[in-house]
Protein chains: 2
Amino acid sequence: MFSKTCKYAINAMIYVASLPIGNERASLKDISKAINSPEAFTAKILQALVRDDLLISVKGPHGGFSINGKASEIYLAQIVDSIDGNLLFTGCALGLKKCAEEHPCAVHYKFKAIREHLTGMLHSTNLTDMADRVNNGISFLKY
Amino acid sequence: MFSKTCKYAINAMIYVASLPIGNERASLKDISKAINSPEAFTAKILQALVRDDLLISVKGPHGGFSINGKASEIYLAQIVDSIDGNLLFTGCALGLKKCAEEHPCAVHYKFKAIREHLTGMLHSTNLTDMADRVNNGISFLKY
DNA sequence: ATAATTAAGGATATTTTTGTCCTTAATTTA
DNA sequence: TAAATTAAGGACAAAAATATCCTTAATTAT
Ligand code: SF4
Ligand code: SF4
């Protein structure tokens, strides 16, 4: 479904979004500890998220990463798209090079609804939704 | 979603299931041509499907692969499970080691419905469904 | 200014996935 | 029986994904 890189990215974004007001910045070390991910690899992912304007980074003591803009306006779909690209949204379930309604793969008639369900969900779930649940102890970023 | 290996496997199974009555066997060469896949790699996949009792193979002239049993009783879910394992059905969307309803990941409340939708579809779509559409020119195994 | 802290980025390493090649085994046809 | 055909299987290769290490750059605190 999602690449491992993308899963780390999603959890990292949620963690940063879950930080308390007044202390909205977390270091690489904090983040990879919070989501239980390899630190150096996570660094690369965070760099990519900064490049893609989903995070803002600050160097130096008390530096770290914070959400770029409002968490309530960042949707899962943007993170997935940033890391994994749009293949999940637009690619063929069976890997056909070209997907046209007039030349559908063998699972298209069944798969279309699921893809729409999935992309609808990703486009309607924002970071605040998920961060709130983490803060309320309803959901978790690591096991 | 599915590994490339799994996509090849699905298309290959559908192709074999689409063969006309009385000639229900196809060679590796036929199959990889029909689904536009690398021959040697496809050989490995077909071997695995034979090992998993989804296909039957016969060596020698006019040998090849045929569906083991009734195509109408083989569901997409079996192929996916055989090749990719059950992680798509049971694994965590965000990669948490353990998934428990009491310790859900941050997307669980949104993801659960989609996973059920997907697994429901995979468990209710059989090879005959798809092979018929291919035979009727409604769907295609390659581009 | 200096030292300490933290992210950026390049190089490299490991693992997994995808893919190829070649030899052997089984079966059929001549 | 011999030759041809086709799958099985082992060894290897290439590419992609995942992961680590080290140096540099920026910022802050002393
Ligand atoms: S039609 Fe088939 S090929 Fe096109 S997107 Fe749907 S799943 Fe993919
Ligand atoms: S709860 Fe989260 S962790 Fe468990 S399965 Fe659902 S998605 Fe995965």
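These numbers were taken from a predicted model, which means no experiment stands behind them. Letters A, B, ... are given to chains in the order of the sequence lines, protein chains preceding strands, and every chain is numbered from 1.
Among C:dT6, C:dG19, D:dG9, the nucleotide with an atom closest to any side-chain atom of B:Arg51 is D:dG9. The side chain of B:Ala40 lies closest to C:dT20, out of D:dC21, D:dT6, C:dT20. When distances are taken from the side chain of A:His62 to each of D:dA8, D:dT28, C:dA8, the shortest belongs to D:dT28. Nearest to the side-chain atoms of B:Pro38 among the listed nucleotides C:dT20, C:dA8, D:dA8 stands C:dT20.
Put simply, CZ on A:Arg25 is 11 Å from C1' on C:dT6, counting in whole angstrom units. The CZ atom of A:Phe41 sits 5 Å away from the P atom of D:dA19 (whole-angstrom rounding). Counting to the nearest Å, the P atom of C:dG19 and the CD1 atom of B:Ile83 are 13 Å from each other. Counting to the nearest Å, the P atom of C:dG19 and the CG atom of B:Asn36 are 11 Å from each other. Rounding to whole angstrom units, CG of residue A:Leu28 and P of D:dC21 are separated by 14 Å. Spacing between atom CD of A:Gln47 and atom C1' of D:dT20 amounts to 13 Å, rounded to whole angstrom units. Rounded to an integer number of Å, the gap from CD1 of A:Ile45 to P of D:dA17 is 13 Å. Rounded to whole angstrom, the span from the NZ atom of A:Lys59 across to the C1' atom of D:dT27 amounts to 9 Å.
Residues B:Ser82 and B:Leu54 come closest through the heavy atom pair CB-CD1, 3.9 Å. A:Glu102 approaches B:Phe140 most closely through the heavy-atom pair O-CE1, 3.8 Å.
Phosphate proximity of D:dT18 to A:Tyr8: absent, as no side-chain N or O sits under 4.0 Å from OP1 or OP2. Here A:Thr5 reaches the OP1 or OP2 of D:dT18: one of its side-chain N or O atoms lies under 4.0 Å away. Contact between the side-chain N/O atoms of A:Ser57 and the OP1/OP2 oxygens of C:dA8 is found at a separation under 4.0 Å. Look at B:Lys4 and you'll find a side-chain N or O under 4.0 angstrom from OP1 or OP2 of C:dG19.
Within a 6.0 Å sphere centred on NZ of A:Lys33, other residues, nucleotides and ligands contribute 12 heavy atoms or fewer.
Along DNA chain D, the nucleotide closest to A:Glu39 and the one closest to B:Pro61 are compared, and the more 5′ of them pairs with B:Pro61. Comparing B:Ser3 and A:Gly64 by the nucleotide of DNA chain C that holds the closest heavy atom to each, the one mapping nearer the 5' end is A:Gly64. Where A:Val58 and A:Thr42 meet DNA chain D, the nucleotide closest to each residue was compared, and A:Thr42 sits on the side nearer the 5' end.
Base engagement by B:Lys44 is indicated by at least one non-hydrogen atom pair under 4.0 Å involving a base atom.
The aromatic rings of A:His103 and B:Tyr143 sit perpendicular, their planes meeting at an angle over 60°, well past the 30° parallel limit. In this structure, A:Phe41 and A:Tyr8 have perpendicular ring planes: the angle between them is above 60°, well past the 30° mark.
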